[in-house]
Visitor: 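Structure in structure tokens, see below.
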There are 2 protein chains.
Amino acid sequence: MTEQGFIQPLFTVDNVMFAINNARLYVLLVKRAIAPYHNNWSLPGGFVDIALDKDVEACAMRKLKQKTGLTPAYLEQLEVFSGADRDPRGYSVSLAFFALLPYTPVSSQINSVSQASWWPFDQLTQLTLAFDHQLIIAQAHQRLQQKALYSMLPVFCLPATFTVGQLKMVIETILGKEIQRKSLMRRIEASDMFTLTEQKQVSGGRQAQLYQLKPGVDITHFSRNMGA
Amino acid sequence: MTEQGFIQPLFTVDNVMFAINNARLYVLLVKRAIAPYHNNWSLPGGFVDIALDKDVEACAMRKLKQKTGLTPAYLEQLEVFSGADRDPRGYSVSLAFFALLPYTPVSSQINSVSQASWWPFDQLTQLTLAFDHQLIIAQAHQRLQQKALYSMLPVFCLPATFTVGQLKMVIETILGKEIQRKSLMRRIEASDMFTLTEQKQVSGGRQAQLYQLKPGVDITHFSRNMGA
DNA sequence: CCTTAATAGTGTCACTAGGACACTATATTC
DNA sequence: GAATATAGTGTCCTAGTGACACTATTAAGG
């Protein structure tokens, strides 16, 4: 209750974390250990702990770490989902986050009965997810595709050093269509965000140059289209 | 308290509503009638009423109507601001909305001691606003400028029918710099969102064509840069 | 009237980003 | 040392847009 005497809605945080493995897009889900939606798969999230979480971003990070053992390479606010009907416990407000990470196998048992696992994005329609999590994932996926077109965000799905070929694969997986290698190289050049390393990487043919992020670069502020 | 036994943070909604009058950008502020920040100017907002508000968007609309008498022509989620220190009443989470409206004078007295008024954006630095509202407004302004570059959102600052000259003025006011009339006309053409009306409008010289939004068009989904 | 000023709208050139795609380069494998 | 596979370049074409001079249409005032 607030000082006004109103009942406050439940406030929660949910995370849509994407990764790419073997040219497939995956989403991280956890099996719910408690009601409601007991034993259903759902997005990792939960309530803010005002003693532990500096802000909602810290809460999102903590929940991911706690429930999946992973720490995202990139995290941003997606959108707030709200209403009386999305949670059987009552009127609820959930801030969804959108996260990226290089693919890492999850140790499916963290500390309790709860279970975490990567699910191929294109198989999610076959699952019954908790709450409105299907909708949240759909929104997150749309945002991911948008940002793959006009930003360098997809590099967060790769290790610190990566090749143009790897980045091309990641972007193509996200967009679901081929892009021009040449265009991608022009973008890498134009962005001025990356430097060549001394090393090269074998890949079955000519060895590829390894790129890495320049120190102190804000990768979120780059524009220009690709394959629109 | 949740069933987990945690204390829930306070959840509120804040609105940054912009309008343009006489080639100046204005933000709508209200004078706080209660503590904290009693008598300080602040963004119109407040707590969700789970009995009245279908979702957070409905809450934002209701608060605007209630506190200022106005209904925005455009409303979208901006960002969540959160932390232990932004509200003296305790850990708080506020979802900020970003709203546009054709300029309308506000009847400064609504129903009580509270007072609403348009403030020129470029004078806000001289005011001491409640909470972190300066920051929220700064973020909203950045978003407004971004969207003015690559979308048609600024039309929501104009009446249902408008001329190219008016739209040019609105965009220039938002961006704080001149744009090419020709480029704007190309955009209007390319967007395929508007139709010419039969009417023309006097403006001291040749009469201008009046445009209006095509019915059923989703104005939020248009791209292309302008004056970047 | 006819001229001037003011605003509306067009024609067109140049520049740039990006798609398409053929070309060269360098590695592995047999 | 040829075949093959992947990496990287050269270059043409098109579309979007800034720049800016041009034409068009109105009101106001001699």
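Reminder, nothing fancy here: chain letters follow the sequence lines and each chain counts from 1. Values below: every heavy atom of this structure, side chains too, minus hydrogens, waters and symmetry copies. These figures come from a predicted structure and were not determined experimentally.
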Visitor: Angle, rounded to 10°, between the helical axes spanning five pairs at each terminus of the helix from C:dC1-D:dG30 to C:dC30-D:dG1?
Guide: 10°
Visitor: What's A:Lys182 touching, base or sugar-phosphate or nothing? Going by heavy atoms closer than 4.0 Å.
Guide: base
Visitor: Between B:Leu175 (CG) and D:dG18 (P), how many Å, whole number?
Guide: 11 Å
Visitor: Please tell me which of the listed nucleotides, D:dT26, D:dG8, D:dG18, lies nearest to the side chain of A:Gln209?
Guide: D:dG8
Visitor: Considering the options A:Tyr26, A:Phe121, A:Phe98, which one meets the ring pair (Phe, Tyr, Trp, His ring centres under 6.0 Å) requirement together with A:His141?
Guide: A:Phe121
Visitor: Looking at A:Gln180, does any N or O in its side chain come under 4.0 Å of the phosphate oxygens OP1/OP2 on C:dG19?
Guide: no
Visitor: Atom CG of B:Asp192 and atom P of D:dG16: how far apart are they, to the nearest Å?
Guide: 13 Å
Visitor: Could you tell me the separation between the CG atom of B:Leu210 and the P atom of C:dT7, rounded to a whole number of Å?
Guide: 17 Å
Visitor: Would you indicate which nucleotide in D:dT26, C:dT28, D:dA24 comes nearest to any side-chain atom of B:Arg206?
Guide: D:dA24
Visitor: Is there a donor-acceptor contact under 3.5 Å from the side chain of A:Thr197 to the main chain of A:Leu210?
Guide: yes
Visitor: Between D:dT17, C:dG9, D:dT26, which nucleotide gets closest to the side-chain atoms of B:Ala208?
Guide: C:dG9
Visitor: Roughly, in whole Å, what's the span from CD in B:Glu189 to P in C:dG11?
Guide: 12 Å
Visitor: Just N and O in the side chain of B:Arg181: are any of them under 4.0 Å from OP1 or OP2 of C:dA8?
Guide: yes
Visitor: Hey, is the side chain of A:Arg186 pairing donor to acceptor with the base of C:dG19 inside 3.5 Å?
Guide: yes
Visitor: Counting only N and O atoms by type, is there a donor-acceptor contact under 3.5 Å from the side chain of B:Lys67 to the main-chain atoms of B:Gly45?
Guide: yes
Visitor: Given the side-chain rings of B:Phe194 and B:Tyr211, with only the six-membered ring counted for Trp, is the space between their centroids under 6.0 Å?
Guide: no
